[in-house]
Every structure is written in structure tokens, then in C-alpha cells.
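All values reported here derive from a predicted model rather than from experimental measurement.
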Amino acid sequence: MTLSMKDKILKRFLLASGEPISGQHLAEELGISRTAVWKHLQSLQEEGYAFDTIKKKGYLLLSKPDRVDAASVASMLSTKRFGQTIHYMEECATTQTISHELARNGALDGTVVIAETQTAGKGRMSRPWESTKGKGIWMTVIIKPDVLPHQAPQFTLVAAVAIVNAMKSLYSSFTPVIKWPNDILINGRKCTGILTEMIAEMDRVQALLIGIGINVNQQQEDFPESLHSIATSLSIEEGSLLNRAQLVGTILNYLEKYSDLYIAEGFSPIKILWEEASGTIGKQIKATTLTEVIQGKAIGITESGVLEIQLENGEIRSVYSADIELDE
């Protein structure tokens, strides 16, 4: 794992489960001086981490700020590749832009770019995405699967399945559902968007950039009034403030698991998981494409992730890209 010395020290404290750690032991383990350990702890305290000194036992982590820094996320991981390199920043224009540059310069499979806020966040069709500082998850995962370019859109569905199952494993007060192709809703309101971009040659994918935006700890007043009826956060639905780093780590664990499943067995097992979590299948919907509006019943997705809609006359239409609304 690629962590700075300060992050290595922080990760040790995060994994210590409330037990003190000797400064001498840390220095020996990491091959640095006691003074260097102390300086890193001072730096962490300036970032909002609180430590106590326990006589003859060492330092104890008392409290930590709500951050999605590399060490906080790394302490939640059980992955071999995903999240093993994390580029964390307080602010950036978009994590997608930085990921493009990293991917073109040899970033490893599973590299993560994550920020506390984005100044120019965007969703599908370049729509603006509000990235409230310190309250959501704004990240891009660079993955390098051995797939053909036409398979790339299926990874949006892989990511949706990973995010939904991560949420279900952590929270009990709500059930997230997937709205085809790239949104996750709770009680009909959007909490998550997924944006997959591809860097490819004619016959091979060099990298997929899976951008994930999740409203985690926003409260109602954090959203503009125009979004109150269509946006929500996990905190609003769960009724408490949530550990964002824990959610990031859990998503990365599931994303590696399901990406590997896709590579090993193809789209079929992902399709089953996706349809189980779908809030679209079986519903009367209106699909607005660039050229027409299609109304009918969503009956499933194909083996390539294309949405199938059955019209009133029984005809089945395949939809590759569209805005979907439930047809009340």
C-alpha cells in the first residue's frame, strides 16, 4: 500500500482499537526516530486528531475528524488492489480530471482519487453536481480490466451493485435501489450518481474511470430548495451521522469483489444482482433518449446491460442511453 509516513502512523492508531501505542515501538516498526514520530503526531493534531499520552504505555488516539484521507480509508480495506493507492485532497476541480491524468501516466489498477469537495463536479451529460465539503463521497476509482471497449458500460452496473451492497451491509433503516443506468435512490430520491468514462484504443480498454458521488452526511438545509423533493442523503435516511471512510472502504471491498467476479464469470452473475437491486424493473417508465420518448414497462436488462422496455402493443425496445422517469 502506498501511504506516506504520517498516514502509516495514523493507520496504526486507527487499527489499534482504542489501545495506546508506544512511540518507541512505532519508531522501531517504521524505521524512523522518536522525534519524527512526535512531529507526525503534532501534524495530525493540527488536522484535528486528538491524542493523549499514557504514562509508560505511549500515545492514545482520543478522537478523529470526519475525513476520507488515505489512512482512514485504508484502515477499512480488505482488498488486494482497490484503494492500495489513494490520492486524497481537500479540494479539486473534479476527481475525474485528475484520474484521467493519472491513468494516462501509468496509475495502477484500483487507484483511488478522493476529495473533500469538488469545485466543478459533474454528472451524466455534464450536468453540475453539488459536492458539499466534508459531507459526501466524491471519488474516482481507476480500474484496468482486460475487456473490450463495448463492455465498458457494464462497469457502471458493476459499480451500482457494489455500492448498493456496501450500503446494505452497513445501514439498516433504508433500502437503496438502482435506477438504470447510473443512479441510486432511497424512497424515490437520489443519493448517488455514477459516471464511467473510458480511455481506450480501438480494440482494448486502457482504463475505466468510475466516478462516484454520494450524499452521505448532508442535512435537508444543505440542499437547495429545488432539490428537496428529488435528493436525499444517507444520513437523512438513517437518522444519524455516518462514517464516510468506512463507507468508502466497504464500497472498494465490494467493487474489487464484483469486478473480479465479472472478469471470471462474465456479466450473468452481475445481471442477477443488479436486477435484484433494481427500482426500475417491472415498473411503467418513460425513457427520454436523444431522439424520442419511449413509454412502457421495464422488463429487464440484456446480457450487455441494455434496458429492455415492453410497449403496450407487446413490442420490446432496447434502450442504450436515456433519462428514466417512473410513469405514474
Which of these, Lys135, Gln219, Arg244, sits in a side chain to side chain donor-acceptor pair (under 3.5 Å) with Ser235? Gln219
Taking Arg317 as the fixed residue, which of Glu292, Gln295, Gln310 is the one that meets the side chain to side chain donor-acceptor pair (under 3.5 Å) rule? Glu292
Using a strict 4.0 Å threshold on nitrogen-to-oxygen distance, state whether Glu91 and Lys133 make a salt bridge. no
Show your working on side chain to side chain donor-acceptor pair (under 3.5 Å) between Gln96 and Thr140 and close with a plain yes or no. CA-CA 6 Å; Gln96 291 289 95; Thr140 300; 2.6 Å; yes
Closest non-hydrogen atoms of Thr250 and Ser169, given as atom of the first, atom of the second and distance, are CG2-OG, 3.6 Å
Val37 versus Ile9, closest heavy-atom pair with distance: CA-CD1, 4.3 Å
Measuring from Asp260:CG to Phe82:CZ, what's the distance to the nearest 0.5 Å? 6.5 Å
Apply the test side chain to side chain donor-acceptor pair (under 3.5 Å) to residues Gln24 and Glu28: give CA-CA distance (whole Å), side-chain angles for both, the deciding distance (0.1 Å), then the verdict. CA-CA 6 Å; Gln24 183 62 40; Glu28 289 170 3; 3.0 Å; yes
What's the verdict on side chain to side chain donor-acceptor pair (under 3.5 Å) for Tyr171 and Glu237, showing C-alpha distance, side-chain angles and the deciding distance? CA-CA 10 Å; Tyr171 314 124; Glu237 302 297 334; over 6 Å; no
Flag, side chain of [X] to backbone of [Y], donor-acceptor distance under 3.5 Å:
X: Gln218; Y: Val216; answer: yes
X: Gln154; Y: Glu303; answer: yes
X: Glu19; Y: Ala16; answer: no

Which is it for Ile285 and Lys179 under the side-chain contact (heavy atoms from CB on, under 4.5 Å) test, yes or no, and what are the steps along the way? CA-CA 11 Å; Ile285 63 167; Lys179 176 188 167 191; over 6 Å; no
In a table with atom names and distances, give each donor-acceptor pair under 3.5 Å that connects a side chain of residues 202-209 to protein atoms at least two apart or in another chain.
residue	atom	partner	partner atom	Å
Gln206	NE2	Glu201	OE2	3.2

